[in-house]
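Take a look at the structure set out below.
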Amino acid sequence: MKPILDVKNLTKDFGGLRAIDSLDIKIFRGEIVALIGPNGAGKTTFFNCITGIYKPTNGEVAITHPKRDTEIINDLVPNVVVNPLFRFLPESVLKSLKKYFPQLLFRSLKPNEITERGMARTFQNIRLFKNMTVLENVMIGRHCRTNAGIPGAVIRGPGTRKEEKEVIEECYRLLKKTGLDHLSDELAKNLPYGDQRRLEIARALATEPFLLLLDEPAAGMNPQETKDLVDLIYKIRDEDQISILLIEHDMKLVMELSERIYVVDYGKGIATGTPEEIRDNPVVIKAYLGEDIEDA
Amino acid sequence: MLTFEEIKKSFLVSLWFIFLTFPIMVIRVNSNENTIDWRWENIAIVGIASFVLSFFWRDFFRRKKLGQKKLSKDKQKSSALIELLNSKKEIKYGLLGAIITFAIAYPFVLGPYQTNIMISALIFVVLGLGLNIVVGLAGLLDLGYVAFYAVGAYTYAILNTQSGIIGHGLLQLSLYLNDLFGTTFFEIIAQPWSFWIVLPLAMLIAGICGLILGFPVLRLRGDYLAIVTLGFGEIIRLVLENWNELSNGPSGIAKIAKPNFGVSLNSIESIPFIYFLMIFLVLFTIFVVNRLQISRIGRAWMALREDEIACQAMGIDTTKTKLTAFAMGASWAGMCGVMIAVKTSFINPASFTFMESAIILSIVVLGGMGSVIGVIIGALILSLLPEYLRAFDDYRMLVFGATMVIMMIFRPQGIISNVRSTYKIIRKQKI
Ligand SMILES: Nc1ncnc2c1ncn2[C@@H]1O[C@H](COP(=O)(O)OP(=O)(O)O)[C@@H](O)[C@H]1O
Ligand SMILES: [Mg+2]
């Protein structure tokens, strides 16, 4: 089976700092995978690179939508996204021209195009639309799956009204699933912390992803909220067939949830395996507890 | 509460004010006799006034703080006015009826002079609503909005009077086309263009100008965006001022025709017609802006305003969204431009300075960003007050500035804060 996310040799430099160093990560369909590592290891940067917010320095990110062909979404290897202005050229011409005008002919996908292709995320530092209602936040997620334009908005004909109604119903369903339906008219900024994190998940789900990327979803949650979160993640995976890649510091949650774990330190992948393998891996323990462990 | 501490504070405040106002309140150069008058008595006035007012000032803030604490934390305080209107149906409809009656009777009761003033005010209402799309909804600070207003005005002026190189070009084109097809049909493009054709055309052209401005500023935000749009506004004004062949330069274009309302009217008689046309256009604008606000596009604009990165990560094409905001905003300004050209029959670049942009922006900020009713009230206040305060003409900018500062301190969300719409379908499902 083809991985739905296949990251090869991903590298990202910030000036002299190598935040990610030739990282390889594969996610298969239906998996819950965790990405762990000490603070500053480059986990969030990894998310930003594969969702198009940062441009990787090197490497290849390929995604395979369950119903579509594999697609490479950054521009560092041949045969990727062609600048729309040059789509009319035959592929062979494009490939030979790529050598001379790489920047002009090929470009990475923008974050919104990547979301459209089925990879949605949440943010470590919550980024909700604070002055919009809870429901509206989720409705934004439906934007890329709907297409009413300005004429539709003004005339509000039966087509637009139907679309709008479906959007509201779908979003309401997602709010129910995440347990936020009673707050639908509340402004997002007035929600408690844990609810805000769940609203981010609902908003990401509204984009109909096949892979959901969660950046520290349990940060700041109390034990009860964390427990609900675990149930929610299972529900998302089992009911909607959405695979999940999560960054998390709460080891109990990681060990309980994930089927596979990747460990990064200083941008490098240092270990991968099942929770049991990772728990007993001396390299991982060393990375987490520091170099002094042998002396102690 | 007259503690020593309080008195000391107020005393310092009054000293500070005396110092600040010293050059303008005390010193006066008498240029006839080449002497300086020292008006020491003014010090006393400034000192006592600021001393007393500072007590009230501090008292106000103390109360405000108390009030905030009392307010329950998660309930957003919406405007009392709106709440009252929503709770009492009779008041709501009564008020609506009164406004409609007032609007209809206005030109007949108050005469052409007052009606003309009201037409200007209504134009500012539409300008405010248009800029509200760009600034209030999409959060793009545009200081060059007047450029599109100018584009609309000059589109009508030039096409209607057939002046300048465009008039000349149209004449040549009509002759050429007539020759080519052997008819006289194409003469019409060299005739004065009708208002009814130019109105939508000017909206279109202004919208395209909005797109053209949008492209180079796509990557800019906040202050940088404001400066570039400011420059764009100035560029348009300078072009109009200096390209004599196009726009007749600083002397402007005169003898712009009134719209044809189907009856022959002199310019005084046409005023009520233009007034009602403007009322219609205001209603049309409100309708469209309201619809846009609750649509998919309107939500995308708001998301863009709230958080650009999250907006893009949630699958919204920010490029497209920004460009539509610029174009939609600009087209209303184009419409207003045509109306101002019609109203005054004469336009020149001096009517399209940065001052106008600033006033329109103040309307949006004063009224309440993103709130349609707020913007309407703001526009009426800011465009009507100066007319009736002509006596204070010299202090107009001073009052203007002071009003803005006071607003930002006491009600930063504007007169009417934007109340988010809720969706009814949910209500039904809940029950
Ligand atoms: N935009 C940026 N510019 C420069 N350095 C950055 C940027 N984003 C992250 N970094 C650096 O990259 C490293 C990895 O950060 P991050 O990915 O946020 O770590 P974490 O694993 O805690 O999520 C850190 O050293 C951080 O300082
Ligand atoms: Mg992080």
Side-chain angles (χ1 to χ4, degrees), chain A residues 48 51-53 110-116 120-123 126-133 135-137 139-150 152-156 160 163-165 167-169 171-172 175 181-182 184-192 200 203-204 206-208, chain B residues 72-76 78 133 136-137 139 207 284-285 287-321 324-325 327-328 331 369-370 413 417-430:
Chain A
N48 285 338
T51 54
I53 289 175
K110 290 197 256 168
N112 57 300
E113 293 167 321
I114 291 173
T115 306
E116 242 178 83
R121 67 172 292 179
T122 66
F123 293 90
I126 299 173
R127 301 193 83 129
L128 288 168
F129 307 119
K130 294 196 183 71
N131 291 307
M132 297 169 77
T133 64
L135 182 70
E136 279 176 322
N137 266 276
M139 288 169 87
I140 290 293
R142 296 300 299 160
H143 188 96
C144 59
R145 303 289 170 224
T146 47
N147 38 38
I150 286 177
V154 176
I155 299 163
R156 231 176 154 74
T160 312
E163 186 182 278
E164 193 82 346
K165 187 164 170 277
V167 166
I168 292 173
E169 280 167 5
C171 293
Y172 195 63
L175 284 179
D181 49 326
H182 60 291
S184 64
D185 290 341
E186 203 65 49
L187 290 187
K189 66 176 175 194
N190 294 339
L191 256 51
E200 274 221 335
R203 186 177 69 174
T207 65
E208 286 178 26
Chain B
S72 76
K73 237 189 189 169
D74 50 2
K75 259 278 165 271
Q76 211 213 4
S78 61
I133 294 178
L137 287 184
F284 175 65
T285 313
F287 173 78
V288 172
V289 171
N290 255 332
R291 282 269 165 105
L292 283 176
Q293 240 183 31
I294 57 162
S295 73
R296 172 174 173 268
I297 306 285
R299 284 192 300 270
W301 285 337
M302 281 183 273
L304 186 71
R305 175 190 71 195
E306 294 293 315
D307 189 328
E308 191 168 341
I309 288 180
C311 175
Q312 203 174 16
M314 285 308 119
I316 290 175
D317 186 342
T318 47
T319 305
K320 225 161 130 188
T321 308
T324 47
M328 281 310 291
S331 56
M369 296 236 245
Q413 70 275 46
S417 54
N418 186 15
V419 184
R420 291 302 321 129
S421 51
T422 49
Y423 294 83
K424 283 181 213 81
I425 296 174
I426 298 212
R427 288 277 131 64
K428 265 189 266 162
Q429 279 187 348
K430 263 188 201 168

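Highest contact tally toward chain A, considering only B:Thr324, B:Val288, B:Ile309, is held by B:Ile309 [criterion: heavy-atom pairs under 4.5 Å]. Counting heavy-atom pairs closer than 4.5 Å to chain B, the top residue among A:Thr146, A:Thr160, A:Asn137 is A:Thr146. Ranked by heavy-atom pairs under 4.5 Å with chain A, the list B:Leu292, B:Asp317, B:Val289 is led by B:Asp317. Contact count versus chain B (heavy atoms, under 4.5 Å) is highest, among A:Arg145, A:Glu116, A:Arg156, for A:Arg156. In terms of heavy-atom pairs under 4.5 angstrom with chain B, the leader among A:Glu163, A:Arg142, A:Arg121, A:His143 is A:His143.
We find the CG-OG1 distance between A:Asn112 and A:Thr51 to be 11.5 Å, quoted to the nearest 0.5 Å. If you take OG1 on A:Thr115 and CD on B:Gln312, they are separated by 8.5 Å, rounding to the nearest 0.5 Å. One distance of note links OG1 of B:Thr285 with CG of B:Asn290; it measures 11.0 Å at 0.5 Å rounding.
Partners of B:Asp307 according to the side chain to side chain donor-acceptor pair (under 3.5 Å) rule, which considers only residues two or more places apart in sequence or in another chain, are A:Arg127. A:Ile140 is linked by a side-chain contact (heavy atoms from CB on, under 4.5 Å) to A:Phe129, A:Met132, B:Arg299, B:Ala303, B:Met314, B:Ile316, counting only residues two or more places apart in sequence or in another chain.
Contact of A:Glu113 with chain B is not made at all, since no heavy-atom distance falls under 4.5 Å. For chain B, the nearby part of A:Thr207 is the side chain; its heavy atoms alone come within less than 4.5 Å. Only the backbone of A:Ile155 comes within contact range of chain B, with at least one heavy atom under 4.5 Å from a heavy atom of that chain.
Summarising the local packing, NZ of A:Lys130 is surrounded by 12 or fewer heavy atoms from other residues, nucleotides or ligands at distances under 6.0 Å.
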